[in-house]
Enquirer: 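Once you've had a glance at the structure underneath, I'll fire off some questions.
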Amino acid sequence: MWITVDGATVDVSDGVTILHALGRIGVDVPSLCDDQRLAPYGECRMCLVRVDGQAQPIPSCATEVRAGMVIETAPPDIESARAGVLRMLARHYPPGAVLGDPDETFHRLLRRYDVVATGDDLPGLRDDSHPCIAVDMNRCIDCFRCVRICDEVQGQFAWQITGRGMGTHVVPSGADTLVESPCVSCGACVDSCPTGALEDRSIVQLGRPTRWTRTTCPYCGVGCELQVGIRDDRIVTSVPALDAPVNRGHLCVKGRYAHGFVHASDRETSPMVRDGAGWRSVTWDAAIHTVARRFGDLGDRFGPEALGVLASARATNEDNYVLQKFARVVLRTNNVDGCARVCHAPSAAALGEIFGTGAATNSFDDIEAAGTILVCGANPTENHPIVGARIKQAARNGAALIVIDPRRIELADFATMHLRPRPGTNVLVLNAMSATVVEEGLVDETFARERVEGLDEFIRHLARYTPELVADRCGVDSADLRAAARLYATNRPSMALHGLGVTEQTQGTDGVTCIANLALLTGNIGQAGSGVNPLRGQNNVQGSAHMGCEPHHLTGYAPITDAARFEAVWGAPIPRPDGLDAMQMLDAARSGTVRGLWVVGWDILQTQPNLTDTDAALARLDTLVVQDLFLNETARAHATIFLPACSSFEKDGTFMNGERRIQRVRRALEPVGDSKPDWEITCLVARAMGQTDTFEFAGPNDIWEEIRRVWPAGAGISYERLDRSGGLQWPCPNEEHPGTRVLHTSGFGALGPKATLRSVDYRPTTEGTDDEYPYVLITGRTLDQFNAGTMTRRSLTQTLHPTDVLEISPTDAATLGIDNGDRIRLNSRYGTADLPACVTGRVSPGEIFTTFSDPTNEVNRLTGPHRDPITNTPEYKITAVNLQPLD
Ligand SMILES: Nc1nc2c(c(=O)[nH]1)N[C@H]1C(S)=C(S)[C@@H](COP(=O)(O)OP(=O)(O)OC[C@H]3O[C@@H](n4cnc5c(=O)[nH]c(N)nc54)[C@H](O)[C@@H]3O)O[C@H]1N2
Ligand SMILES: Nc1nc2c(c(=O)[nH]1)N[C@H]1C(S)=C(S)[C@@H](COP(=O)(O)OP(=O)(O)OC[C@H]3O[C@@H](n4cnc5c(=O)[nH]c(N)nc54)[C@H](O)[C@@H]3O)O[C@H]1N2
Ligand SMILES: [Mo]
């Protein structure tokens, strides 16, 4: 679209404001209150421009650009008005700030308009409470970008405006300091602030970055893209990529502030071997040959089944692909698995079985398209915060929200309905919702006729699960079950998102199946704003499994029976028997049949259930190789060889997020110390064990090219295409294919046009409470820590949630005489742990909750041996315990 700007004819994009259209072609109209992530505000008067045909200058930030416009951006009267605005602001602005930080937006404008700051600098306007965010309200110019971005993007309302006119101030909501406010440390306010009134503490201390690298966040499965700011070979900040499709210019506390682990003083960066005298640093050559020799010996003596590999869902696709190939080609075993086993393996199993593809059917962009959002057993505002914020905003914009969670999670505050079932009863709740759909005539008949098999049998099965029949057992009122079902079935399209509250149960796979049934009955599959969507956990857990780090699957979820196709590319034979999964490998280690394990980026000692058993299993191994950034608990207790890997900030590659999107990971730093990328380490060991050609890769791109050859649904994805876009979602079979946002729009792939409903009966857990163990302990997560805490504990964010706490209801606390902070001993049938109490209405009486991020607490001493029978996923969500106040 053509317009005239300052006498020149230029081509600009349409559908945007004049300010943004000009900004994109490099015409810099000054503005203080505008941010492309926010609704136009039009208050600062800096961005006024003159448009032919308009009597008065107009705010370019609040006016859409139109073809043929003739615009003057800097006529003398407007320029002097701008200088006037700046002079007024500068009167109250501290001059020291301008001198100390000349590159800040506001300071550059003062220089450009020759305006001098002459205000005071009052210590009382500073707030040093937050570990990551420095607040200096001397610099506040009342643009309110902080307030607006917190409301409009994060939905947190942590800042508020007080006073009027000249007395207007921005202050933390309902608190004296930022850290005591509802702030969730997403840093959006800092990112938007044009003056440095809000600034990253790291930048204040270390200075502004001198270069930037765009990459993908190393934490959860949302896959936010970020710009990492580097100065003197250190990460000094990390900010959201504004045009990233997933996070759209937003990050959470971890992507934004939890990067300190990269430079932690106890990062292990040289290879080590442990003998009688303890750990000894050795050369890479020596370490690699020790691994090769030991694995070679064990394989010769006990056969390939005595060896196994546990891969890392934190590492790249390329790292994981090479590792599973190593297990199969070099160790000659299918004993290879990843942490999807303990996480969303039930989602992959159930969705694969019913729909033919074991992955999310839809995308995060469907959140805004949904009429109803059903969140079952997931806590997105803490665990997938960017998705959580998008759900909050969708609910504020009118979407219905149903939350199914025993705890009152934050989303419950925004929900149309919150069902609080007894832990472990999802199958009852979801079957009752399906029964209601049938009974009340809400089945999508057309969809059922064309796309669904087995309806009659399913209807017969549901007769045993009417809301009235199950209400007592699941603890949810029958009227609420009915109302939730009606809402989901009628206020369409309806999108289901689920988490570990569904999968980490002895009925994990069954629970996901029940959600899929509900979607099929109501026609909520194959269209925008619908579907069944596991909120995948780690940054690359979808990718690790997809690359073949699974005992029953090769790359692309191909069954082992497909091995010949891979052998043709690899030029090496693949063993045919299915391998052991992670749980079975540890069982086999305990019984002495598995003797050598290679564990990459997974702190199994701390995170597997029943720590006492895991400990016993690891203690029996002949050789345990741990490859990690840190001497984690597994390594510290049992490793014989430690191989230092580098973090994702130090290597190239790709991650696959929870919506099937492949995104680039780019090296922002050289590997710290002697650490190396995981793929490179694996190739070195493979070559030391006699494999040459099959492990000869020039780099990650070379590995990716091989992945494309063995994975037809990813064949269209190249690094070059990824570099041009914000990632590509598979299936993407050829270079012309745009990628797939919604699966199953017409059929169910190899399953044909119809999917089959599966009747699933409720099986109560055997981990029952009794007089001796009367409380149900739920374990899960919290915003500021990530899993074992290995990375978050070594970052500035650590003080935001320094240790695991035990959430306990006010009723139970009163009964037991417990106050906030009191130390409580928890005893389960398997072990004991001590935790400080946090008395909160988030949990119901009889139920308690904690996390597992602090190794000193050993929370997994408590969790037990029960597993989902289909995937072996542990029942982390239910442990019967008793409580004993200490002191
Ligand atoms: N901040 C942060 N983010 C993370 C992680 C982290 O450690 N910290 N870890 C990442 C990983 S690996 C994963 S897998 C994801 C997990 O993300 P989520 O799936 O959200 O994980 P959890 O907090 O373990 O459990 C979710 C919810 O399940 C509920 N729940 C428990 N039992 C039941 C039940 O019987 N029925 C229902 N309906 N709900 C139940 C719990 O109360 C809890 O609120 O998060 C990822 N993101
Ligand atoms: N009680 C209880 N226990 C649980 C759960 C629960 O809900 N309750 N949830 C389970 C779930 S869902 C999961 S996913 C597991 C998570 O368990 P883990 O995977 O052990 O948890 P993380 O803290 O993510 O640890 C990952 C490790 O990878 C390392 N790392 C990071 N990047 C790289 C890399 O690029 N290369 C290498 N080599 N290493 C790297 C880190 O330093 C860290 O040691 O915990 C499980 N345990
Ligand atoms: Mo996970």
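Just follow the structure's listing: the first ligand is 1, and inside any ligand the first atom is 1. Residue indices begin at 1 and follow the sequence shown.
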Enquirer: Does either side chain, that of Thr765 or that of Gln505, offer a donor lying less than 3.5 Å from an acceptor on the other one?
Expert: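 Note: Thr765 and Gln505 side chains miss the donor-acceptor criterion.
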Enquirer: How many angstroms lie between OG in Ser312 and CD in Gln627, if you round to the nearest 0.5 Å?
Expert: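 Spacing of OG (Ser312) from CD (Gln627) equals 9.0 Å.
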Enquirer: Quick one: does NZ or CZ of Arg861 land under 6.0 Å from the six-membered ring centre of Tyr830, within 45 degrees of the ring axis?
Expert: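 No, Arg861 does not lie over the aromatic ring of Tyr830.
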Enquirer: Number the atoms of ligand 2 from 1 as they appear, then name those within less than 4.0 Å of a heavy atom of Ala645, with their elements.
Expert: 36 (N), 37 (C), 38 (N)
Enquirer: Both conditions, 6.0 Å and 45 degrees, for the charged tip of Arg390 above the ring of Phe364: are they met here?
Expert: no
Enquirer: Need the ligand 2 atom indices (1-based, order shown) with element for anything under 4.0 Å from a heavy-atom of Met791.
Expert: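 Reading through ligand 2 atom by atom, the close ones are 31 (C), 41 (C).
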Enquirer: Is Lys651 in polar range of ligand 2, meaning some N or O pair under 3.5 Å apart?
Expert: yes
Enquirer: Check each atom of ligand 2 against the heavy atoms of Gln627 and keep those under 4.0 Å away; list them by number with element.
Expert: 38 (N)
Enquirer: Heavy-atom count around Asp472 CG within 6.0 Å, excluding the residue itself: above 12?
Expert: no
Enquirer: To the closest 0.5 Å, what do you measure between CG (Asp603) and CZ (Arg636)?
Expert: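 The CG atom of Asp603 sits 9.0 Å away from the CZ atom of Arg636.
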Enquirer: Quick check on Val859 - does any of its heavy atoms sit under 4.0 Å from an atom of ligand 2?
Expert: no
Enquirer: Between Glu847 and Pro406, which heavy-atom pair has the shortest distance, and what is it?
Expert: OE1-CB, 3.5 Å
Enquirer: As an exercise, identify every atom of ligand 2 less than 4.0 angstrom from a heavy atom of Phe630.
Expert: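 Near Phe630, the atoms of ligand 2 are 42 (O).
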Enquirer: If you measure every N or O of Asp603 against every N or O of ligand 2, does any of those distances drop under 3.5 Å?
Expert: yes
Enquirer: Show which atoms of ligand 2 fall inside a sub-4.0 Å distance from at least one heavy-atom site of Asn860.
Expert: 1 (N), 2 (C), 3 (N)
Enquirer: In terms of atom number and element, which parts of ligand 2 are under 4.0 angstrom from non-hydrogen atoms of Val600?
Expert: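 Result: 38 (N).
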Enquirer: Quick check: Leu629 and ligand 2, any N/O pair under 3.5 Å apart?
Expert: no
Enquirer: Side chain, backbone, both or neither: which part of Cys646 comes within less than 4.0 Å of ligand 2 when only heavy atoms are counted?
Expert: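 Within the 4.0 Å criterion, Cys646 contacts ligand 2 through backbone atoms alone.
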Enquirer: With Tyr876, which of Leu862, Val859, Asn860 fulfils side-chain contact (heavy atoms from CB on, under 4.5 Å)?
Expert: Asn860
Enquirer: Under 4.0 Å from ligand 2, counting heavy atoms only, is it the side chain of Asp678, its backbone, both or neither?
Expert: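 Side chain only; the backbone of Asp678 stays clear of ligand 2.
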Enquirer: Short list, please: which atoms of ligand 2 are under 4.0 Å from a heavy atom of Asn632?
Expert: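 Ligand 2 atoms under the 4.0 Å threshold to Asn632: 44 (O).
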Enquirer: Please check if any side-chain donor atom of Tyr762 sits under 3.5 Å from a side-chain acceptor atom of Asp510, or the reverse.
Expert: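 No, because no side-chain N or O of Tyr762 sits under 3.5 Å from a partner of the opposite role on Asp510.
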Enquirer: Rounded at 0.5 Å granularity, tell me how far CD1 in Ile681 sits from SG in Cys646.
Expert: 7.5 Å
Enquirer: Give the protein residues with at least one non-hydrogen atom closer than 4.0 Å to an atom of ligand 1, ordered by chain and number.
Expert: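 Correct list: Cys220, Lys254, Cys343, Cys376, Gly377, Ala378, Asn379, Glu382, Asn383, His384, Ile404, Asp405, Pro406, Arg407, Ile409, Pro423, Gly424, Asn426, Gly499, Leu500, Gly501, Gln505, Gly537, Gln538, Ile778, Gly780, Arg781, Thr782, Leu783, Gln785, Phe786, Asn787, Lys877.
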Enquirer: About how many Å separate CD1 of Ile402 and CG of Leu411, when rounded to the nearest 0.5 Å?
Expert: 13.0 Å
Enquirer: Are Leu500 and Arg781 packed together at the side-chain level, in the sense that at least one heavy-atom pair is separated by less than 4.5 angstrom?
Expert: yes
